[in-house]
Number of protein chains: 2
Amino acid sequence: MDQQCSCEKCELKQLFFENVTENEMMSLCQNRIEKSYSIGEKIITEGNEITQFIYLKSGLVKLYRHTEDGKEQIMTIAKPFDFVSILSVFSDLKYNYSVKALEESVTCNIPIAEVKGLIRKNGRFATSIIEKMSAVSDKVIIEMLEIRRRNLRGRLALILLYFSNVIFKSNSFDLPISRKEIAEYIGMTTENVIRTLTEFRKDGILKIYGKTIEITDKKRLKLISRLG
Amino acid sequence: MDQQCSCEKCELKQLFFENVTENEMMSLCQNRIEKSYSIGEKIITEGNEITQFIYLKSGLVKLYRHTEDGKEQIMTIAKPFDFVSILSVFSDLKYNYSVKALEESVTCNIPIAEVKGLIRKNGRFATSIIEKMSAVSDKVIIEMLEIRRRNLRGRLALILLYFSNVIFKSNSFDLPISRKEIAEYIGMTTENVIRTLTEFRKDGILKIYGKTIEITDKKRLKLISRLG
DNA sequence: CGTTAAATATGATAAATATCAGTTAGTGAT
DNA sequence: ATCACTAACTGATATTTATCATATTTAACG
């Protein structure tokens, strides 16, 4: 079996398919589909049947859901390696959340039945999936609790630091979401997101050029993010 | 092998150990320890090493964590079958949350290594664990999002309905947590929990006798819990 | 290119919520 | 029973946040 599997070269192989045999790898690889999404495109739609196990190869996405009163609520923002849309995928038949690309994104889709079969067959694979899921849920829950404890300034500081330190690893970056979406993410109104950004600007903590943010006083921003 | 395993009669067997062989069952059963906790006793302490896989056989517990400023934040309240302290248990070495008994509770403790081994060996068991974990994380996350969307009256209504409908299945019940703990759970101050309870009483929605709550106008309480 | 819609922005005001200060009731220990 | 301590409660006030109204800028599109 000299055939080459392109997953071998995939940087996510280590994360998800460690301890998978050659044969299993081939099978996964043959059945997988890679999909590209441009900004704003929907990757997962709430209510749709779960048929694929999807993870993010590159890009940035938001996980969100619709509330009864028609508003959107962002659950978390996911980057590759960090979150891979596995939440509730194994316990439900239909998605209870949607996923949309915030940047050009590439996903890898594997039939969910294939993954479930592999979990049954390969214990080490099962272990790795459990560990990953566990870590992801944890991250989301802690993130929510941390956001909740803070006032508006603290919340906004937190998310700006998240973008700066975790996502973009730079003090200067383009906001991947609108002010409205920030509001939906950290539970405040759009007006107050804008107002608080302006406050930060006036306080000399950051500079704003439309979507571009440059954090000029990170020490102070950290301070604001600390307590209530 | 005529020996009787007491887990055979356990009502949780179906949930966790379906598809487990006789031998595996025996091994699990021999290594397990059942522990009883009285009200207020700690079951899990944040920072401690994770050595046991613990699930709730009976009773009621709270999962909570300590914030840097010394306060407590309740993540969720768990009853048997509903949540079993598996969050992050597989990805971390140490607990990042604590668990305390709100009622007389009984847990079943199995060495975590044993469970991990079984996941590796038995694919159907692995599947069942993944499904359960997935559902639990989902529940907690949705619960948090639902709480967050509401104002204080809505939040309190939500938690009262949760106690009434889900936990105690009665319109009259003893609150298993203090006003302060309710506040820590739904993210408001103790004073406002008390005040809002009083408001509900004055509005004829419920009667209060210390810890005992009797919901007299559930329709209205539901209405309050609906929107922001 | 102009037209429309959406996003960003700002101010005034109302409403919600937290904080502070203090009272009362209950609980456990001795 | 008394003391100490905590939980439950109440009111006044300050602060935070949402709402509403409106202007401006930017993006979207035929």
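Just so you know, these numbers use all the heavy atoms, side chains as well, and skip hydrogens, waters and symmetry mates. So that the names make sense, note that chain A is the first sequence line, chain B the second, and so on, each numbered from 1. Being a predicted model, the structure only gives us computed values, none of them experimental.
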Nearest whole angstrom, please: distance from the [atom2] of [N] to the [atom1] of [X].
X: A/Leu175; N: D/dA27; atom1: CG; atom2: P; value: 14 Å
X: B/Arg153; N: D/dA18; atom1: CZ; atom2: P; value: 19 Å
X: A/Ile194; N: D/dA23; atom1: CD1; atom2: C1'; value: 13 Å
X: A/Lys202; N: C/dT10; atom1: NZ; atom2: C1'; value: 8 Å
X: B/Glu199; N: C/dT17; atom1: CD; atom2: P; value: 10 Å
X: A/Glu181; N: C/dA7; atom1: CD; atom2: P; value: 8 Å
X: A/Arg150; N: D/dT16; atom1: CZ; atom2: P; value: 16 Å
X: A/Ile177; N: C/dA6; atom1: CD1; atom2: C1'; value: 17 Å

Distance only, no hydrogens: is a donor on one side chain within 3.5 Å (strictly under) of an acceptor on the other, for [X] and [Y]?
X: A/Lys57; Y: A/Thr107; result: no
X: B/Lys207; Y: B/Thr212; result: no
X: B/Ser134; Y: B/Glu131; result: no

Closest to the B/Thr189 side chain: C/dT19, C/dA9, C/dT17?
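Per side-chain heavy atoms of B/Thr189, the pick is C/dT19.
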Taking OP1 and OP2 of [N], is either one under 4.0 Å from a side-chain nitrogen or oxygen of [X]?
X: A/Ser178; N: C/dA7; value: no
X: B/Arg179; N: D/dA7; value: no
X: B/Arg195; N: D/dC9; value: no
X: A/Lys211; N: C/dT8; value: yes
X: A/Asn192; N: D/dA18; value: yes

Do B/Glu191 and C/dC20 share a donor-acceptor pair, side chain to base, under 3.5 Å?
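In this structure, the two groups form a donor-acceptor pair.
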Quick one: closest heavy-atom pair of B/Met75 and B/Met144, and the distance?
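Residues B/Met75 and B/Met144, closest heavy atoms: O-CE, 3.8 Å.
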Does A/Thr198 reach a base, just sugar-phosphate, or nothing at all? Heavy atoms under 4.0 Å.
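The answer is sugar-phosphate, as A/Thr198 gets under 4.0 Å only of primed atoms, P, OP1 or OP2.
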Need one value for A/Leu152: base, sugar-phosphate or nothing, where a base atom within 4.0 Å counts as base even if backbone is also close, heavy atoms only.
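If one applies the 4.0 Å heavy-atom cut-off, A/Leu152 turns out to touch the sugar-phosphate alone, with no base involved.
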For B/Phe173 and B/Phe168, take the angle between the two ring planes, folded into 0 to 90°, and tell me which bin it lands in: parallel under 30, tilted 30 to 60, perpendicular over 60.
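Ring orientation, 0 to 90° scale: parallel.
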